[in-house]
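Everything on this sheet refers to the single structure shown next.
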Amino acid sequence: MMAGGTHAALPAGSVDHKRHENQGNPSLLALLPDTATRILDIGCGAGDNARLLAATGRSVDGITLSESEAITARQVCGNVWVHDLESGLPPQVTNTYDAVVCSHVLEHLRWPDRLLRELRELLRQSEGVLLVALPNVLFFKNRWRLMNGHFDYEESGLMDASHFRWFTYASSRRLLESGGFEVLHHSCEGSFPLPFVRRFLSRQVTAAVDAGATRLLPGLFGYQLLLLARPVPE
């Protein structure tokens with residue numbers, strides 16, 4: 001299940017009725033350098049990633065589109081701004097950060113490259129890093145649906161109705177590189193199809209099979225794309 005993000009932007013005239021709460025995205029946060037102590041969480045939702053980060057002594061600011069989410073997120077964040085990212089970063093974001101987290105956010109933007117260019121300039125000031133999680137539209141289950149002629153929007157997941165953009169393992173790297181970032185880490189979290197067999201195997205065995213499959217064929221078996229990047233120096 002994808003985690004840690006919120007609908008960062010909605011079409012003009014839309015009303016944000018969704019409230020996003022989950023267990024955060026520990027797989028993405030595991031990429032965070034130990035030296036990164038001041039974090040900006042873009043699409044912070046109700047503060048689920050911020051809660052995990054605050055538990056390690058880090059300071060977190062957040063951005064969300066939902067005022068109801070912001071009320072909860074402020075319990076664990078220093079600052080939370082309610083803002084539509086289609087217009088760029090909030091003008092109140094004047095601090096420097098060691099890292100910016102974008103967990104399942106960029107696919108909700110019509111023009112994610114515009115936000116990435118702003119983040120590049122923000123992070124260049126502090127030599128910070130960018131952590132990005134994206135859904136993989138070519139995950140094997142979704143490939144099967146597409147091959148059978150199904151392209152149906154859903155309430156959440158890979159085919160979330162609020163997605164404006166779709167990414168693959170290859171295009172996720174191109175997205176960051178075109179935004180002026182150097183990708184330092186690129187991996188996937190996903191699973192290998194083990195129908196009926198999985199229930200008879202230990203958790204350790206299935207985890208090893210899933211990890212091996214996503215390393216070997218990330219574009220096929222990766223459900224969540226994970227990237228760590230830094231701004232390319234000029």
Side-chain angles (χ1 to χ4, degrees), residues 1-11 14-28 31 42-43 45 48-49 65-66 85-86 102-113 115-116 131-178 183 185-201 203 205-227:
M1 178 177 294
M2 284 178 270
T6 186
H7 292 173
L10 296 175
S14 295
V15 179
D16 176 25
H17 291 298
K18 279 192 174 182
R19 177 183 173 85
H20 295 265
E21 292 186 77
N22 49 53
Q23 300 303 309
N25 197 341
S27 297
L28 178 64
L31 303 179
I42 293 184
D48 304 293
N49 279 326
L65 188 61
S66 167
L85 292 167
E86 290 289 5
C102 292
S103 180
H104 295 280
V105 172
L106 299 179
E107 67 271 22
H108 294 279
L109 299 177
R110 284 168 287 186
W111 305 108
D113 52 316
L115 177 63
L116 286 174
L131 281 72
V132 173
L134 295 163
N136 175 23
V137 71
L138 291 183
F139 180 56
F140 74 89
K141 290 183 179 180
N142 211 44
R143 289 193 194 207
W144 180 252
R145 296 189 194 106
L146 294 173
M147 286 174 59
N148 284 278
H150 299 294
F151 192 98
D152 302 313
Y153 289 105
E154 300 172 350
E155 284 297 311
S156 61
L158 288 175
M159 301 301 295
D160 190 307
S162 67
H163 287 182
F164 284 104
R165 297 283 182 147
W166 310 95
F167 296 100
T168 67
Y169 184 76
S171 67
S172 63
R173 174 183 286 269
R174 291 197 297 269
L175 172 69
L176 297 195
E177 290 177 343
S178 65
V183 176
H185 174 92
H186 192 191
S187 65
C188 288
E189 183 176 31
S191 63
F192 183 81
L194 294 170
F196 309 111
V197 178
R198 187 175 290 267
R199 70 182 68 176
F200 300 108
L201 300 176
R203 185 173 298 179
V205 170
T206 57
V209 171
D210 291 340
T214 54
R215 281 196 302 269
L216 182 63
L217 293 170
L220 180 61
F221 298 117
Y223 185 83
Q224 174 178 223
L225 309 169
L226 304 171
L227 301 98

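Quick note: residue numbers are just sequence positions, from 1.
- With sequence neighbours excluded, the residues satisfying side chain to side chain contact (heavy atoms under 4.5 Å, CB included) with Thr168 are Asn136, Val137, Leu138, Ala170, Ser171.
- The side chain to side chain contact (heavy atoms under 4.5 Å, CB included) check on Leu201 picks up Leu194, Val197, Val205, Thr206, with sequence neighbours excluded.
- Looking only at side-chain heavy atoms (C-beta outward), Val105 and Leu134 stay at 4.5 Å or farther from each other.
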Result block: side-chain N/O donor-acceptor pairs under 3.5 angstrom for residues 208-216, not counting sequence neighbours:
unit_1	atom_1	unit_2	atom_2	d
Asp210	OD1	Phe192	N	2.9
Asp210	OD1	Arg198	NH2	3.0
Asp210	OD2	Arg198	NH1	3.1
Thr214	OG1	Asp210	O	3.1
Thr214	OG1	Ala211	O	3.0

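- Not counting sequence neighbours, the partners of Ser27 by the side chain to side chain donor-acceptor pair (under 3.5 Å) test are Glu189.
- Looking at residues two or more places apart in sequence or on another chain, you find a side chain to side chain contact (heavy atoms under 4.5 Å, CB included) between Leu220 and Phe140, Arg143, Leu217.
- Within the structure, salt bridge (Lys or Arg N to Asp or Glu O under 4.0 Å) contacts touching residues 132-141 (residues at least two apart or in different chains) do not occur.
- Evaluated for a ring-ring contact (aromatic ring centres under 6.0 Å, His included) with Phe139, the options Phe167, Tyr223, Tyr169, Trp144 yield exactly one hit, Tyr223.
- Under the 3.5 Å distance criterion, the side-chain polar atoms of Glu86 are left unmatched by any main-chain donor or acceptor of Leu109.
- Between Leu227 and Ser172 the shortest side-chain heavy-atom distance falls below 4.5 Å.
- Arg165 meets the salt bridge (charged side-chain N to carboxylate O under 4.0 Å, His left out) test with no other residue; sequence neighbours excluded.
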Exercise. Do Leu225 and Arg173 pass the side-chain contact (heavy atoms from CB on, under 4.5 Å) test, and can you show the C-alpha distance, the side-chain angles, and the key distance before you say yes or no?
Worked result: CA-CA 10 Å; Leu225 309 169; Arg173 174 183 286 269; over 6 Å; no

For this session: In sequence, state the C-alpha distance, the side-chain angles, and the governing distance for Val183 and His185, and then conclude on side-chain contact (heavy atoms from CB on, under 4.5 Å).
Result: CA-CA 6 Å; Val183 176; His185 174 92; 5.8 Å; no

